[in-house]
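Heavy-atom basis, side chains included; hydrogens, waters and symmetry copies ignored. A note on names: the letters A, B, ... follow the listed sequences, proteins ahead of strands, and every chain is numbered from 1.
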Amino acid sequence: MRIECPICGSRDRREFYYQGAAVAVARPAPDAGAEAWDDYVHLRDNPAGWHDELWHHEAGCGAWVVVTRNLTTHEIRDVQLAQSVKEASA
Amino acid sequence: MVEIVAKSAVDGLVPLEIGAQKLTEAKLGPLTSLMAYNGAEAGLAKALETAHGMALPGPNRATGKDGARAIWFGRGQVVLAGPEPVADLAEYAAVVDQSDAWACVELSGPKAEAVLARLVPLDLRAAHFKRGHTARTQIQHVNASVTRIGADRFLLMVFRSMAATLVHDLSQAMTTVAARG
Amino acid sequence: MRVAGKGLIDRAAPLSFRFDGHSYDGLAGDTLASALLANGIKLMGRSFKYHRPRGVYSAGSEEPNALVTVGRGAAAEPNIRATVQELYGGLEAVSQNRWPSLGFDVLSLNDLGAPFLGAGFYYKTFMWPQSFWEKVYEPFIRRAAGLGGLSGAPNPDHYDKGYLFCDLLVIGAGPTGLMAALAAGRAGADVLLVDEDSRMGGRLLAETQEVGGQPGHLWVDNVLAELDSLPNVRRMVRTTVTGVHDGGTFGALERVSHHRGTRGDGVPLETFWRIVAKSSVLAAGALERGIAFRNNDRPGIMQAGAVRAYLNRWGVTPGKTVTVFGNNDGAHQTVRDLQDAGVHVAALIDSREDAPLLPGVQVFKGSVVSNAAGRHGLEAITLRTPLGEERIATDCLAVSGGWNATVHLTCHLGARPEWSEQIASFVPMAGAVPGMVAAGACNGQMSTAACLAAGVAAAGQALGREISVDLPQAEDDPYRLSPIWAVPGKGRAWLDFQNDVSVKDVKQAAHENFRSVEHMKRYTTQGMATDQGKNSNMQALALLADATGRGIPETGTTTFRPPYTPVAIAALGAGARGKGFAPERFTTSHAVSVEMGAPMVATGLWYRPSYFPRERENTWRDSCDREVGYVRNSVGVCDVSTLGKIDIQGPDAAALLDFAYTNMFSTLKVGRVRYGLMLREDGHVMDDGTTARLGETHYVMTTTTAAAGPVMRHLEFITQALRPDWDVRITSATEQWAQFAVAGPKARDLLNGLLDTPIDNDSFPFMACGDVSVAGVAGRLFRISFSGEHAYEVAVPARYGESLFKLLVERAEALEGGAYGMEALNVLRIEKGFITHAEITGRVTAFDCHMERMISAKKDCIGKTMAQREGLLDPDRERLVGLKAVGPVKQITAGAHLFNEGDAAHRVHDQGYVTSVGWSPSLERYVALGFVRGGMARVGERVRMVDHLRDVETVLEIVDPVQFDPEGERVRG
C-alpha cells in the first residue's frame, strides 16, 4: 500500500504509523458533555466504504495526514495535512 | 584541569570499502535544526541567505555544497550543516543544536544506488532522485535522511545511537551488491 | 531420451549430476527434469497421502509431482521443482516422501487402504477420544505428512531483498510480454520486464511455430537484443511476480543462485523484490489442464504442452512410443512435432466426435482414455471408443484438456475471474487490479498472432497513449475445444496429484453437502498443496458444479491469494535475521559498560547495563545491593541518556505544555524543573517526566525511555491537528545529549571537581537547572532525583559522553561510589515509591496513583474531561500502595495477586496485584509497589499475596508507597 504524503509524495505504507479515525481532529470543548466526549474518544464507525483516517508520516517528514481510504478496496481518494483539515474546519 | 574528549558517532565503524563502494564518515561540522515560526519563513530564508549564502530549501531539497549545506529535514524543518549558525536565525526560527544527534556517513561508488535499493523504499535512481534531492525515509528499519550529493555519492544520516545498525545494514547490502557484480 | 537435432540445449557442454545417489549426464540448458527424462528416468517422486509413484507432469513452475531435495546438509533445499531447477555440474538431488527408496516405499501401503482414507478421513477418524490428540493422532499425522524435510540446522544461505520502481511492469516474457515491453520501450517508457523462467520467450521456446518468418526462439533473441539496447528497459529472468498488493506494489522472488553450484560467495540464494509500478501488463500466459481418468497419475502421463516443451526446447522425448489424448486442436500439434522429430506416435485420441483427422497417425475420434497401466512407469492405456474398449501399449501419454488462463495475479486484490464459455476457462475481470492490463493467453487470447497484437495494445492502454508497432507474421489458428473434465468409470481418477484428491472425493464432498467450492476445497484438501491447484482446481470445480447441478460460473472459484508460487520465509525476511532484526540503540557509555562486565539488557531498542559485577560477587543481587549503597551512602553514576528529551520553543511553548501535561508549566520559573504527568485523552496516564524551563519561551521535556517516540508523536498531533494556530516548535533532542545521573550524598562533591564554576545549594537548589561548563564543554545541569537522594543529571553533547562517563565513574570510585545499573536504579525508585511503566500500564489513572490533585483546575488539558468520569474516581478502585511482607515468607513477587485474608485465591476475590519488587539493602527487606482496592485508605491492613505462577504465597502489609526516607529530607541535601 502507498500513501501520497502531501509533503513527500508517494511513499510506502511502512513509513506511516496508523492512528485511527480522523474524528480525533475535532476535539470537543471541555464542557461539551459526556455524550460528546464518549463519542469523540470511544465511538467509531466501521464503514464498508470511505473512511477518513489519521496516519502519521513518522519515518518521513513527521506530518500528520488525513487519508480518505475505501475500507473495502483500499483505494485512497485523498490525502490532506491534518493541519489543513483542522484549519479548514476552524 | 580535567579534560573530556570527543568521539565520533561512527568511530570504529567506518571507513568500509566493499567492492567498488565505499562508506566513509561525513564530517559535516555543526548541525543546526531550524524550524521557522508562524509566518517567519521568509525572514528565515533571507537571514539564511545573508548569513550563510544558502537558499532555504523547500521540501525534499537540499541547497549549498560540500562544507555548507541546508538540508530539508521534515515538515517545517531544515538542518544547517557546516557553518556555526548566526544568532539572528533565532529571531525567525526555533534553533536547536543537533551536531551530536546524528551519525553521518557518505556512501559512494558506481553501485551506490543498488546498495540503497536494498534498504530504502524509495526510487533513488538518478533520473528521479537528482543531486540536491533529499528525503526523510527509512534505511532498513531506521528512520533516516538520505541526500544525493553527487553522481554516485549519497549522504546518509540516522540517529547517533543507531550508527552500528546503519553500518551493519549497509555493509550487508554492499557485500551483496559486490558479490552479484 | 535425447532426440537428435532438437532443442535449445548446448550439446557441447555436458554436465554431470546425481539423483538418488546415481550419477547421470545432462547438458547446459537442461532443467533437472529434462535431464532426468533424457536419462530415461520417469519415476521422480511419491504423492503426499498415498505415496503413489509419480513422474514429471509439466515443464514449468506448476509442477505437482517432481519435487526433490537439492543439496545436502544444512543447505539442503526441499520441495524444489525439478522442472524449474536448472542443471549445473555437480548438482545433487534426492527424491522425497519415500522410505527406504523411491522404488520401494513402505508407506505406499496407504494406497491399499485408500477406501478408508478418502475425503474427510482426518475429520472423521481423528475425533475421539479427545485425549488421543496430543499423544497418538498428532504424532502419527506429523510423521506421515510432509514432502521434503528440513535439515533442522540453521539455514546457512544468504537471502536478499530490495525495492524496484518503474513506469510499466511487464509480467511474463512470452510473445505478449515481449511485444508489450518492446512497444513501451520504443515509446521511451521506464519498463521492467520480468519472467519466472531462466530464459525469456515463454511458449515460443517450446513450440515449432515461426514468428516473422523465423523460428520463434530466434525472433525472441532479436527482440531481447533490441530491449537490451534500450537504456529505459530492464529485464529480469528467474523472477516470479508472486503477489499483487495495494497501490501498484508487487512482490517478486528472484532465484539468484539456485542455478549455480556455488554457495557462500556472498551472492544471495534468492532476492525478494518489492516492485512499485505506475502501471502493469500481465502477460502470464496459460496453464494446460489435464483430463481425469482411472490411474491418470502414472509416471509417463503428462501435459501435451510439456511433451512439446521437452522435445522442442530440451531435445528430449519422454517416451519411445507416445500417445496423445486431447479435446482440442492444440493437442494435435504434439503429434506433428513428435513425428517430425522421428518419435513414434501410437495414436491420437480425441474426445470430440468431429475431431479433424491427421495424416500418418491413427486417430480415435469421440474416444477417451479410461485406464492406464504400469505402476512405476506407463506401459499401456485402455481407451473407450464408440466401438468398444481397446488397449494400446505406450510409455508416454500426452494429455490436453485445454488451457486455463493464468488469472491468479488479477485476483489478489479481491476480484473474481469471469467464466468464458468460448474457451472454457476463467478469464480476468476487466479492471480487476487498478493500473493492470491483462493481455494475451492469460486474458483468453489463444493464438500467437492475437498475443503479439494484445501485447502492443496493452502497453498502449497501460501507458495511456497510442503506440503503434509493426506486428510480425504469426500463427493465428482458431482455438477449438470441447470441454471434458473427467472420464466416467470405476477406480480412482486423480485431480490434485500432490494431495491425492480424486474425482470420487469431490463427488463425496458434494454428497455430504460441502457444496461451496471453498468448503469442498477444505474438506478434500483439493488445491491446498504447494501447486495450489494450478493443475486441478478447474477440473475439480467443474465436477463440483456438475455434482451439485449448478453451472461453473455459479459455482465459482476458490480465492487466489499470494504467493503465486511458494516463497521461502527466509526470502521474505531477508536482511532481518540476527542484527538486521531490529535496530540496536547504544548509549555513548555502552562500550565502557561492556568492558566493565555489565550484562546489557534490552529496554525497547536501547541496551542498558543491568549491573556492574565485581570480583567475588556471586549473584546480580550482590552487585545490585552494593550499587544501591553507592547512592544511599556516597555517590553513584548512571547513564540516563535513553530518556526522551524534547526541545520545545516558541511563544506558545508554555501553552503547549499546559495542555499536554495535567499540571501547570506556564508558571514554572526560568531555571527550574517540574515533574509533569501526561494523560491520554481517555483520562489514563500516558507518561510522566520532568520538564525544565531554560528560557522564557524555551523548555526541554523529559519522557520515559519507552514513551519517547509516542510522546513525540502525541505532541506533533497536538501542534498539527488540534492547535496549529499555536506558534511553537518541537524537536527531538534525545540523541544530542549524553546525560548521566550523579546521585548520592557526595554528588555535589563529585560534580564540583568537574564543573568549571562550582555550585552550591543556593546557586543550584533542588529542582534547579541551567547551563554549565563541564571540563570546558558547554553542558546542562538539572538537580533532579529519581532515588530520593541529593542528585543531579548532567548533560554534555553526545560526542563527549563516553569520556565523561569514564571520568564520572573514576571520580565516583575515588569517593567510594561507582557506576550503578538498571537493577539498582529500580530498587532506589521503588524504595521511594516513584512510578514507572510497571505502574502506569495504560489502564491506570492519575487518581489511581493518588495524583488526582495534579490535574490543574485552572486549565484544560488532554485527558482532563474523561478523567472526571465517575467510574474513574471510585474510591474502591485499585490504587497505588506500598507493600511489605509480614508473613513467614519474606519474598514478594511482581505479578502476584492480592486477596483479603481468609478469602480463597480466586479471581472473584481479587483485591489487586503487585507491580514492582526489589530487595532494599537499606531496609533489609523486600520493598514493593502495587495496586489495591481502596488504595491508601487501607494502609496498615494485611492482605494475602498469592503467585500462582511461581507458587509463592505470603502475607503483606499495605504501607505508604514511600518506604525510605518518608520525610524526603535527603533530596534537598
Shortest non-hydrogen contact from [X] toward [Y]:
X	Y	answer
C/Pro268	B/Arg180	CD-CG, 3.9 Å
B/Gln98	C/Gln736	C-OE1, 3.1 Å
B/Thr176	C/His158	OG1-NE2, 2.8 Å
C/Gly266	B/Ala179	C-CB, 3.3 Å

Proximal component of [X], with respect to chain B [non-hydrogen, under 4.5 Å]:
X	answer
C/Ile730	backbone
C/Thr271	side chain
C/Leu807	side chain
C/Arg811	side chain
C/Asp727	both
C/Val267	both
C/Ala738	neither

Residue [X] versus chain C: region with a heavy atom under 4.5 Å:
X	answer
B/Val177	neither
B/Ala36	backbone
B/Ala164	side chain
B/Asp11	neither
B/Ser33	side chain
B/His141	both
B/Val120	backbone

*Got C/Tyr800 and B/Glu3 here, is their nearest side-chain heavy-atom distance under 4.5 Å?*
no
From the list B/Arg75, B/His128, B/Gln172, the residue making the most non-hydrogen contacts under 4.5 Å with chain C is B/Arg75
Comparing B/Pro121, B/Ala93, B/Ala127, B/Ala94 against chain C, the one with the most heavy-atom pairs below 4.5 Å turns out to be B/Pro121
Answer key: most heavy-atom pairs under 4.5 Å with chain B among C/Gly162, C/Pro583, C/Ala574, C/Ala733 is C/Pro583
Pair count under 4.5 Å, heavy atoms only, with chain B: among C/His698, C/Gln720, C/Arg274, highest is C/Gln720
Side-chain ([X]) to main-chain ([Y]) donor-acceptor, under 3.5 angstrom:
X	Y	result
C/Gln649	B/Val95	yes
B/Asp123	C/Phe165	no
B/Asp100	C/Ala798	yes
B/Gln140	C/Gly575	yes
B/Thr165	C/Glu584	yes

Just how far is it from atom [atom1] of [X] to atom [atom2] of [Y], taken to the nearest 0.5 Å?
X	Y	atom1	atom2	result
B/Ile4	C/Glu802	CD1	CD	11.5 Å
C/Trp726	B/Asn38	CH2	CG	12.5 Å
C/Asp647	B/Met35	CG	CE	10.0 Å

message: I'd like to know whether B/Arg125 forms a side chain to side chain contact (heavy atoms under 4.5 Å, CB included) with C/Asp190, so could you lay out the CA-CA distance, the side-chain angles of the two residues, the decisive distance to 0.1 Å, and finally the verdict.
response: CA-CA 12 Å; B/Arg125 289 178 298 159; C/Asp190 173 24; 2.7 Å; yes
Side chains of C/Glu735 and B/Ser161: any donor to acceptor distance under 3.5 Å?
yes
Check: Does the side chain to side chain contact (heavy atoms under 4.5 Å, CB included) test come out yes or no for B/Lys7 and C/Arg799, once each step is laid out?
Finding: CA-CA 5 Å; B/Lys7 186 173 168 180; C/Arg799 73 184 68 182; 5.6 Å; no
Apply the test side chain to side chain contact (heavy atoms under 4.5 Å, CB included) to residues B/Arg160 and C/Thr734: give CA-CA distance (whole Å), side-chain angles for both, the deciding distance (0.1 Å), then the verdict. CA-CA 10 Å; B/Arg160 178 189 193 99; C/Thr734 308; over 6 Å; no
| task | Report the C-alpha distance between C/Arg729 and B/Gln77 in whole Å, list the side-chain angles of each, state the deciding distance to 0.1 Å, and finish with yes or no for side chain to side chain contact (heavy atoms under 4.5 Å, CB included). | result | CA-CA 9 Å; C/Arg729 296 294 177 265; B/Gln77 187 178 27; over 6 Å; no
Here the ring-ring contact (aromatic ring centres under 6.0 Å, His included) pairs for residues 142-165 of chain B, sequence neighbours left out, are B/Trp102-B/Phe159
Requested in this report: State plainly whether the residues C/Lys579 and B/Asp169 are in salt-bridge range, i.e. N to O under 4.0 Å.
Outcome: no
